[in-house]
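Report on the structure given below.
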Protein chains: 4
Amino acid sequence: MNRPPNAQRRSEKSHQATLAAAMDLCVEQGYGKVTVEAIAARAGVSKKTIYRWWPTKGAVVLEALIALVGKATQFPDTGDVAADMRTQMTAVLDNVMTGPHAAVYAGVIAEAQHDETLAHNLLAHLLQPRIEAARDRLRLAREKGQLAPDADVELAVDLLYGPVYYRLLLNLGMYSREQLHTLIDLVIGAFAPVPATPPAPDPG
Amino acid sequence: MNRPPNAQRRSEKSHQATLAAAMDLCVEQGYGKVTVEAIAARAGVSKKTIYRWWPTKGAVVLEALIALVGKATQFPDTGDVAADMRTQMTAVLDNVMTGPHAAVYAGVIAEAQHDETLAHNLLAHLLQPRIEAARDRLRLAREKGQLAPDADVELAVDLLYGPVYYRLLLNLGMYSREQLHTLIDLVIGAFAPVPATPPAPDPG
Amino acid sequence: MNRPPNAQRRSEKSHQATLAAAMDLCVEQGYGKVTVEAIAARAGVSKKTIYRWWPTKGAVVLEALIALVGKATQFPDTGDVAADMRTQMTAVLDNVMTGPHAAVYAGVIAEAQHDETLAHNLLAHLLQPRIEAARDRLRLAREKGQLAPDADVELAVDLLYGPVYYRLLLNLGMYSREQLHTLIDLVIGAFAPVPATPPAPDPG
Amino acid sequence: MNRPPNAQRRSEKSHQATLAAAMDLCVEQGYGKVTVEAIAARAGVSKKTIYRWWPTKGAVVLEALIALVGKATQFPDTGDVAADMRTQMTAVLDNVMTGPHAAVYAGVIAEAQHDETLAHNLLAHLLQPRIEAARDRLRLAREKGQLAPDADVELAVDLLYGPVYYRLLLNLGMYSREQLHTLIDLVIGAFAPVPATPPAPDPG
DNA sequence: ATCTAAGCGAGACGGTACGTCCTGTCTTCGA
DNA sequence: TCGAAGACAGGACGTACCGTCTCGCTTAGAT
């Protein structure tokens, strides 16, 4: 009954055409107005082929998004944690929080509200890796003494990413780069270590 | 000519039945699976009547949500800004970020991603008033010297609300009350005024 | 669950448009190539409306056929049973056994081979009434002594109609009017009464 | 260029398995519900192999039918034309007009209504030989003076076969053997030669 | 005895129609 | 005369088969 298809025999051409068509249509018409039928027509692919490999429209667009942003968000390690966070989050801001893909990303997140599988995959394949990378970077900084030894890195990441998604999803207007940098510096600063020797008392 | 209906002659009974049916169905089946047809059937109301007074399903549910949570969010002012933030945000946490209404709220926010009117009304009637109230409370604290004179209250509110919505909408698990309080204290602390004299080193 | 629709509120316009579109398409393209989608599109009617009132394409076309031929096949009674049979069967020949409707009729009969409901309705509403009329006419003739008193009118009707349907459905070429009349005369003759007084022996 | 396949290298095993599967499925589920996919699956044969050797499902089933009934229809010649017709038509009745194969046969005839090639092959390979055999037998009888010299043997065959197909295809209930024999005797009798001297009135 | 070209099973593919569902509009009928 | 009931046009859904196609594999005839 209903065996899964044989992935080895999958047509890479149809695969890529579908992803490209899905992303193009989302950018042109908005995620919500895109239909599986339209994706199939644009890609020159049959609906059956789409349903063979993806359960829903959301899954297609999610994969397209992952392909789009997957590579662009590696964390650098220059030694300066605040600078590295700025570098990475600026890339995220440019890639998916502004420009034509922002609405597509928001659309997928919206869809995930009533699609558990999509929510899980969104988390597992797009979000969680970046969250983990950020946490790792912060843990590294903590080990090097650049953050307080008891700094809660999970909370720190929430404070860094939370406001960005909040503004994306509640239509509050995305941060400019400057605002983003201010935010990052403030959060990193909040987790800075208490200096070992207190600063000399103000002689005034 | 499509004149607007005469609001004076509106049947309050149908109005309330519709809101109640919408909220009940959302809680039972999830926002995404609810249809206008089902709301009409459950409320014993005709579809026409629903479309006469609301443009979309989202608008109905938004109104139901506003009715539900609209009253519960006055900001206290006890003089202790951190305590007041905790009080108010804990109420929000309990009302819409956890429990059966959380998914409904998330569903409306999701719908707003591809419905500009709904997005506008969500912001104007539900979100913006609470954001403004929070900002006002923080401005008051700033004026009283409980926050740094240059504290960016907009950023502060983003840092308080952002992580909560982020965790709601990205399926990351909502904060416990303790976690929420930790978050609030950290953010308020980050905006605390720089003390004129540095704190004495811990004598222990 | 799935109550039947209210026939009183049926749109007669859509009803007639559907029947007309179905028959037109069948004549143009052949019964087998007609789809419910095409009927709906041609009639300017939604598929839902078609499925609300008919279970299958075959049912639509059957109703169209019934409307087409229902009126044209009354039996006359001139007193001459052979002449009356010729009159009626010639009308049938002209209406549904030749010309553009023949293939449509054959298509419906074909469909009825794997659609029990259609088969039943075809019999009950199209065929059986005409068969009964023919039998009645023959019974009348029998009572008047124009046929043998023990004439099997059911068999007689089979012998009259059978060959016609046989040639229609097995692609054997339909009878000309002359052939049909020969057939009728032969069959009626086979059921003629044995003369009370035998013919005088040929004096030759 | 689509060369025809090399029949010498055809797998007889696949050939027979396909025919058997087709007939089995038709008997089990009815001709109309059988699909090429199902035949392929049941036969353990690929769809490609079926389409290599037959153009359509109908062609497969027709071949299966021919294999089934092809042998059983030689006309006897005992000298008694009515008896010989009874013998042969009873065999037809038993083989394809009743029992599990009747519906399959009807299904193929139905399909032929919108498949010219199938119609042609059905006629040429199944029907026409039997019709010709019947005509030949009647011609022989005519030559021997058992039928009137001007007897129209084509019409006679129509009168013999027509009612049988008519009852098969219009769901009118097949004849019993007795009814069939009555029919045959009546038809043959209608074509009997006019006696030179009229029969003497029954002296009883 | 190998080579090689075909048939073969498997099954993915583009395509078409299916029959269902929901939307948002429009009509009817009963209170 | 208003509103519930619900029929309507429209359009996307996800499914089922169609007939084509591309894979490896066997398999038999020709080398």
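Convention: sequence-line order gives letters A, B, ...; per-chain numbering from 1.
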Notebook entry, point to check: Reckon S11(A) has a side-chain N or O less than 4.0 Å from the OP1 or OP2 of dT22(F)?
Noted result: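 So the side-chain polar atoms of S11(A) never come under 4.0 Å of the phosphate oxygens OP1 or OP2 of dT22(F).
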Next item on the list: Examine dG7(E): is either OP1 or OP2 under 4.0 Å from a nitrogen or oxygen in the side chain of S14(D)? Give yes or no.
Entry: no
Nearest-Å distance for atom pair [atom1]/[atom2], residues [X] and [N]:
X      : N       : atom1 : atom2 : value
I50(C) : dG11(F) : CD1   : C1'   : 15 Å
E12(D) : dA28(F) : CD    : P     : 13 Å
N6(A)  : dC21(F) : CG    : C1'   : 15 Å
I39(C) : dG19(E) : CD1   : C1'   : 14 Å
R52(B) : dG3(F)  : CZ    : C1'   : 7 Å
L25(D) : dC17(F) : CG    : C1'   : 15 Å
K33(A) : dT23(E) : NZ    : C1'   : 14 Å
K13(A) : dG14(E) : NZ    : C1'   : 11 Å

Notebook entry, point to check: Any sub-3.5 Å donor-acceptor pair from T49(B)'s side-chain atoms to V45(B)'s backbone N or O?
Noted result: no
Do [X] and [Y] have side chains that get closer than 4.5 Å, going by heavy atoms?
X       : Y       : value
M23(B)  : L65(B)  : yes
H15(D)  : R10(D)  : yes
I109(A) : Q113(A) : yes
L19(C)  : Q16(C)  : yes

Margin query: For a quick check of understanding: with a heavy-atom distance under 4.0 Å over all strands, which category does W53(C) fall into, base, sugar-phosphate or nothing?
Written below: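 The answer is sugar-phosphate, as W53(C) gets under 4.0 Å only of primed atoms, P, OP1 or OP2.
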Next item on the list: Using a 4.0 Å heavy-atom cut-off across all strands, classify R10(D) as base, sugar-phosphate, or nothing.
Entry: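 Sugar-phosphate contact only - R10(D) comes under 4.0 Å of backbone atoms but never of a base.
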Please write out each protein N/O paired with an N/O of nucleotides 29-31 of chain E under 3.5 Å, distance rounded to 0.1 Å.
none

Check: How do S46(D) and T49(A) order along DNA chain E: which one's closest nucleotide is nearer the 5' end?
Finding: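 Closest to the 5' end, via its nearest nucleotide, is S46(D).
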Notebook entry, point to check: Taking for each residue the nucleotide of DNA chain E with the nearest heavy atom, is it A38(B) or H15(A) whose nucleotide lies nearer the 5' end?
Noted result: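 Whichever sits nearer the 5' end wins; that is H15(A).
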Margin query: If the threshold is 4.0 Å, N to carboxylate O, is there a salt bridge linking R42(C) and E37(C)?
Written below: no
Item checked: 5' priority, DNA chain F, between T56(A) and G44(B) [closest heavy atom] ->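 Result of the comparison: G44(B).
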Next item on the list: Find which nucleotide of DNA chain F each of K47(A) and Y51(D) is nearest to by heavy atoms, and output the residue with the more 5' nucleotide.
Entry: K47(A)
Notebook entry, point to check: Roughly how far, to the nearest 0.5 Å, is CG of L25(B) from NZ of K33(B)?
Noted result: 13.0 Å
Margin query: Of the options dG7(E), dA12(F), dA4(F), whose atoms approach the side-chain atoms of E37(A) most closely?
Written below: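 Between dG7(E), dA12(F), dA4(F), the one nearest the side chain of E37(A) would be dA12(F).
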If you look only at distance, which donor and acceptor atoms sit under 3.5 Å apart when one is on a side chain in residues 52-60 of chain A and the other is two or more places apart or in another chain?
unit_1, atom_1, unit_2, atom_2, d
W54(A), NE1, E63(A), OE1, 2.7
T56(A), OG1, G58(A), N, 3.4
T56(A), OG1, A59(A), N, 3.3
K57(A), NZ, Y31(A), O, 2.9
K57(A), NZ, V34(A), O, 3.0

Notebook entry, point to check: Got a donor-acceptor pair under 3.5 Å from the side chain of K48(D) to the base of dG19(F)?
Noted result: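 In this structure, the two groups form no donor-acceptor pair.
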